[in-house]
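Everything on this sheet refers to the single structure shown next.
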Protein chains: 2
Amino acid sequence: MAGTTSGQAAGGSTAARAPEERRRRILEATVAVIRDRGFAGTRVTDIAAAAGTSSGLVLYHFGSLAGALTQALTHVEDVFYGELESELEAVPGPVDRLRLMADLASGAGPAVGDWTLWLELWVRALRDDDARAARESLDRRWRAALRRVVVEGAAAGVFHPADVAATTLRLSSLMDGLAIQLALAEPGMTPARFKRLWLDAAALELGVPAQAFRGRAARPVRRRTAS
Amino acid sequence: MAGTTSGQAAGGSTAARAPEERRRRILEATVAVIRDRGFAGTRVTDIAAAAGTSSGLVLYHFGSLAGALTQALTHVEDVFYGELESELEAVPGPVDRLRLMADLASGAGPAVGDWTLWLELWVRALRDDDARAARESLDRRWRAALRRVVVEGAAAGVFHPADVAATTLRLSSLMDGLAIQLALAEPGMTPARFKRLWLDAAALELGVPAQAFRGRAARPVRRRTAS
DNA sequence: GGCTATCCTGAATACTCGTTCAGATCGCCG
DNA sequence: CGGCGATCTGAACGAGTATTCAGGATAGCC
């Protein structure tokens, strides 16, 4: 796309001019609509309205509704991954990193804890290959990050996992399972309880006393400057 | 249902006469269609075709597509619960009961381990009240059964759960999370691995050696006579 | 200034699908 | 027998919606 021989390179004038900006706005609108109406309930018109444009433009940029939905998925994937990496880098030590992951997943972060969206993604992945690929990638990255923290802790002699692969898989699956309750607003399930339940399970799995993960998080989750 | 004052009571002629039979067939067809096309992809015509009748009849019996979907949910709920209860009663002792639950959930039973259907249900429950109620009821029953087994084992001095409520919630959530992998046929996830991972987690939670849950299940899961 | 490619709009189009409906079929009863 | 209510069918209807399309605006370029 950047390879167009001449094109409207740069230009620099008002931001409203940039079609890239428009595209991004549409993708974010698409994500928002999926989140609150679900994949099945998302109409081209809804996306256009949420993005403040016409339905024609949505199709102009993405070819079809399915195209817009798919690209929206890769867009959240990027956002999610960027956030995860930068957050994790900012915190040292396996204990605090594990706590941070619990924070992110329990909804403190803007993208990671977006469980309604993930539920939708899972179901769509049952029958749509793009969704399946997006989910798999997301899952693999999250699990890899978790594994890294576990291994790091084990190397430091802080954690004592009996089986790293099994522990990683169980802890990430437990998160998914608890997330269902959170997404459905099951009475009694709150972000705080989610964190407590998950960290206690982590303590069991890692052979450390539950107190190791109590106390405040080392640092409040950083807010994005804007959006 | 047997209480109709006069109606076409009995009659005894061909089975094709009984409208109750027809209703049931339609409900089961509905469940089958939901399972393989999803709620969003289920059409009245699909249901009619799967049940071997006309779309008119589906609407005649259930009023609307939404009505058919909802009644299909309460139908699976009944089937699920009936199966769970009868299976559990047939096995004595907390250890074997826990293993049985792992078996049922990992897909050995016809209804309980029907994870594709449950995934669909979760997402529908985000926005549909009937689905929400069905899911909550299903979840509560499953969790209650699990808790009963845990308490029973604790009373017998076999299990040593630190916190029964937390353990129950974590073990059932872990199942849900693992089930996602199973439903999506994630490479590396099989019913056997599902069982192993879950039972090992149970061993940790219940303070027993993992070996306690190894070995063969006490008894193969019973097959329904027909359907 | 004219020309062109890009970006954008909203009405028109075509199609899918839930629901309605005008009847067929059939067992039963008076 | 003739009527009746319950069950069942499939064609017709109409609402909703993705996609197409005929153009309008704008910016850069010759």
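Letters go in sequence order (proteins before strands), and every chain restarts at 1.
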> Atom CD of A/E21 to atom P of C/dC8: distance rounded to whole Å?
Replying inline: 11 Å
> Quick check: does any side chain N or O of A/W198 sit under 3.5 Å from a backbone N or O of A/L171, one acting as donor and the other as acceptor?
Replying inline: yes
> So does A/Y60 get a side-chain nitrogen or oxygen closer than 4.0 Å to the phosphate oxygens (OP1/OP2) of C/dC8?
Replying inline: no
>> Any salt bridge linking B/R143 with A/E186? Criterion: basic side-chain nitrogen under 4.0 Å from a carboxylate oxygen.
In response: yes
>> Taking only side-chain N and O atoms of A/R22, does any of them lie within less than 4.0 angstrom of OP1 or OP2 on C/dC8?
In response: yes
>> Under 4.0 Å between a side-chain nitrogen and a carboxylate oxygen: does that hold for A/E120 and A/R135?
In response: no
> C/dC8 C1' sits how many Å from A/E20 CD, rounded?
Replying inline: 15 Å
> With the sugar-phosphate defined as primed atoms, P, OP1 and OP2, and the base as all remaining atoms, what B/S/- string results for nucleotides 14-22 of chain C, 5' to 3', for protein heavy atoms under 4.0 Å?
Replying inline: ---SSB---
>> Go through it in stages, so that I can follow the logic: the residues are A/F62 and A/I47, the test is side-chain contact (heavy atoms from CB on, under 4.5 Å), and I'd like the CA-CA distance, side-chain angles, deciding distance and then a yes or no.
In response: CA-CA 12 Å; A/F62 303 103; A/I47 296 175; over 6 Å; no
>> Check the orientation of B/W142 and B/F80. Use parallel for under 30°, tilted for 30 to 60°, and perpendicular for over 60°.
In response: tilted
> B/F62 CZ to D/dT7 P: how many Å, rounded?
Replying inline: 12 Å
> What is the distance from atom CE of B/M189 to atom OG of B/S106, rounded to the nearest 0.5 Å?
Replying inline: 11.0 Å
> Tell me: CG of A/L57 to P of D/dT20, nearest whole Å?
Replying inline: 15 Å
> Quick one: A/I47 CD1 to D/dT19 P, roughly how many Å, whole number?
Replying inline: 11 Å
